[in-house]
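Written below as structure tokens is the structure these notes are about.
Just so it is clear, the values below take in all heavy atoms, side chains as well, and ignore hydrogens, waters and symmetry mates. Along the sequence shown, the residues carry numbers beginning at 1.
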Amino acid sequence: MKIKVTTIALLLGGTLQALSQEADSIYYNGSIITVNDAQPEVEAVAVRGGKIMAVGEKAEVMSKKGEETRMVNLGGKAMLPGFVDSHGHTYMIGLQATTANLLPPPDGTGKDIASLQKLLKGWAEGNKEVVEKIGWIAGFGYDDSQLAEQRHPTREDLDKVSTEFPVLIIHQSGHLGVGNSKALELAGINAETKNPKGGVFRRKEGTNEPNGVCEEYAFFMLIGKLAASFDAQINDTLVVEGARLQASFGYTTAQEGRAVGSGLDAMKRVSQAGKLKIDLVAYPDVLEVKNPQPSMDYEKRYRQGGVKLTIDGSPQGKTAWLTEPYFIPPAGQDKSYVGYAAIDEETTMKAVEKAFANGWQILCHSNGDAASDRYIKAVTAAQKKYPKVQNRPVLIHGQVLREDQVESAKQLGVFLSLFPMHTYYWGDYHRDSVLGPERAPNISPTGWVLERGMMFGSHHDAPVALPNSMRILSATVTRKTRSGKVLGPQHKVDVATALKALTIWPAWQHFEEKQKGSIEVGKLADFVVLSENPLKIDEDKLADIHILETIKEDVTVYKKGEGKVSMASPAMFGITPHEHGKTGFLFGTGDAAYDPLLKLDGYPKMKPFCGDGCFNHGLSVMLNAIENADTFRVVQ
């Protein structure tokens, strides 16, 4: 009897072991790019429990097929590891989607001041309930470098939009903005108001009267007034929609690169409610958040990865801190103008030392080379005091890095999260106005990085630009400007390397290279399916590749609807309001699995706001959240 039981147990154990080796899903019949140099392309991938269990030839992987295995035929499309956000702002992406789209072409129609006024008026007229609720008219994404007038709008320009409501427009860089007279009044900004430390109120020529343009910390005084009108429910929705938008561009790991206050609270609430479909890593501002709680472990797809420090501003906003003067100084400044630091040296040194003392990873916003000199000095001092700390410090942006600074970063082990997409959006402006023809070709100097055998990340910094992964890929490879000229050919990168800067290298940046960034056994089944194989098409067509599907741990979190426009469409943040039926939205075709609007209480009463092709689903949810903040909720 004992022998029989043992025999049965052995047989049963063997059966269970065999069953445990059966895959939940097998992906096959596509160009599967692993971003693993030891096995660059494979025929099939098997997944079990949200993790990759087999990678290789189809015949080998098919041995994992069981009766319940889901077979995913890629239909010849390309599948890559899910993209990892090297630097972006998930919460602010949500804010971008709630406001009037002022982006210049190709992402919008904000080409001159008159068009900005028209866009703001049209948005306010189409969203009267929103304006009444929050008490503001707001727009995001204007870019003075792309406006016909080649200047910032003023308070008087915005007074033509409204004198009844405060009007605030946010520069595409996110580092400055403009308020109308009503907005300045509500924020208590007048001729007697002094510039805050690390910020500037631009003045009317010959007077102390603010002209409406507010830089850096001065701008925060304005935007803080707008954010104060958002309740917890609206803030939560900003997080949900910001992450959802990033998922639609193939990101399976998102980043909030400077978290504070209500946004930080919202991310935790959204996570606890189970509303995050992709991973989100937040970096609280080290100067503003008293008790950051960095962790290597996700809790319901959320964790704090470290802390963030900001030393200077934006080169295209001409607030970045340089060692040599701007090629053409901004209005009101002389030829010696080099920008300025947002914080002093003592604050920088103490903040970096605090991160090292606690073993926290620190991300530092440093655009100008003077700012990078200061960060390098601070890291050097901190490493000398805490030589055993392995916290992988990161320098964000590095638009004006010198070659000697790249070498210093290598010696210090500082990871460079660069912004090659700048070459497309502002390359011409950097050459002709910001840095001049000698310095501009070396913005985001990826060539110098690769010459030294270093890794780097390519980021979008959304909402500075759309979190468009294929535009990032294109710019990193081609370095072509809006005018079609190559800026800095010595820094062009091949496609395979540029893909690493979207996947395995930023995974390393986040201490997650063992779980993410490549398609290898044991890693998470985070994938993105593309319409074309980026390794096999003309480099000039990279930006036209469509994101077809985003998969997080074997679960589809975004799928492009049949017949819909591309995610790269300028209609992304369209603002034209009109009635529409339940189908035809960005995230689905009437299927509740992909269309969250179908999960909303009172759906028939909701009024979607769509762009061309009924493309703007995220904006629709945002606006309705604001309109119905007291009753709006997503059914769990």
Any ion pair linking Lys182 and Glu164 (charged N to carboxylate O, less than 4.0 Å)? no

Closest heavy-atom pair and its distance - [X], [Y]:
X: Pro104; Y: Gln172; result: CD-OE1, 3.7 Å
X: Tyr337; Y: Pro329; result: CB-CB, 4.2 Å
X: Trp426; Y: Ser145; result: CD1-OG, 3.5 Å
X: Asp144; Y: Gln316; result: OD1-O, 4.4 Å
X: Leu186; Y: Pro166; result: CD1-CG, 3.5 Å
X: Val557; Y: Ala247; result: CG2-CB, 4.3 Å

With a 4.5 Å cut-off on side-chain heavy atoms, are [Y] and [X] touching?
X: Thr319; Y: Asn367; value: no
X: Thr556; Y: Ile551; value: yes
X: Asp279; Y: Lys552; value: yes
X: Arg202; Y: Pro330; value: yes
X: Asp143; Y: Tyr429; value: no
X: Pro467; Y: Asp85; value: no
X: His546; Y: Lys77; value: no
X: Leu168; Y: Leu158; value: no

Donor-acceptor pair, [X] side chain versus [Y] backbone, under 3.5 Å?
X: Arg439; Y: His430; result: no
X: Arg155; Y: Pro210; result: yes
X: Ser531; Y: Ile545; result: no
X: Arg479; Y: Val486; result: no
X: Tyr142; Y: Gly177; result: no
X: Glu532; Y: Pro534; result: no
X: Lys308; Y: Gly257; result: yes
X: Asp312; Y: Gly368; result: yes
X: Asp112; Y: Ala148; result: no

Ring-ring centroid check [X] [Y], cutoff 6.0 Å:
X: Tyr251; Y: His460; value: yes
X: His171; Y: His152; value: yes
X: His397; Y: His422; value: no

With Arg482 as the cation and Tyr424 as the aromatic partner, state whether NZ or CZ is under 6.0 Å from the six-membered ring centre and within 45° of the axis. yes

Rounded at 0.5 Å granularity, tell me how far [atom1] in [X] sits from [atom2] in [Y].
X: Ser314; Y: Glu216; atom1: OG; atom2: CD; result: 7.5 Å
X: Lys111; Y: Leu147; atom1: NZ; atom2: CG; result: 11.5 Å
X: Ile328; Y: Asp432; atom1: CD1; atom2: CG; result: 7.5 Å
X: Lys160; Y: Asn180; atom1: NZ; atom2: CG; result: 13.0 Å
X: Leu401; Y: Ser366; atom1: CG; atom2: OG; result: 7.0 Å
X: Leu499; Y: Leu542; atom1: CG; atom2: CG; result: 8.5 Å

Any chance the side chains of [X] and [Y] put a donor and an acceptor closer than 3.5 Å?
X: Ser444; Y: Gln399; value: yes
X: Ser433; Y: Lys318; value: yes
X: Ser115; Y: Thr109; value: no
X: Thr154; Y: Asp157; value: yes
X: Asp461; Y: His89; value: yes
X: Glu539; Y: Thr478; value: no

Might you confirm whether atom NZ of Lys204 has over 12 heavy atoms from other residues, nucleotides or ligands at distances under 6.0 Å? yes

Might you work through the side chain to side chain contact (heavy atoms under 4.5 Å, CB included) test for Phe327 and Leu435, ending with a clear yes or no? CA-CA 5 Å; Phe327 191 61; Leu435 298 172; 5.7 Å; no

Given Thr503 and Leu80, is the side chain to side chain contact (heavy atoms under 4.5 Å, CB included) satisfied, shown in steps? CA-CA 9 Å; Thr503 53; Leu80 290 78; 5.8 Å; no

Run Thr423 and Ile443 through side chain to side chain contact (heavy atoms under 4.5 Å, CB included) and show every step you take. CA-CA 8 Å; Thr423 57; Ile443 62 171; 3.9 Å; yes

Side chain to side chain donor-acceptor pair (under 3.5 Å) partner of Gln246, chosen from Thr90, Thr253, Thr550, Thr252: Thr90

Derivation of the side chain to side chain contact (heavy atoms under 4.5 Å, CB included) call for Tyr425 and Arg471: CA-CA 10 Å; Tyr425 281 104; Arg471 176 66 69 187; 4.2 Å; yes

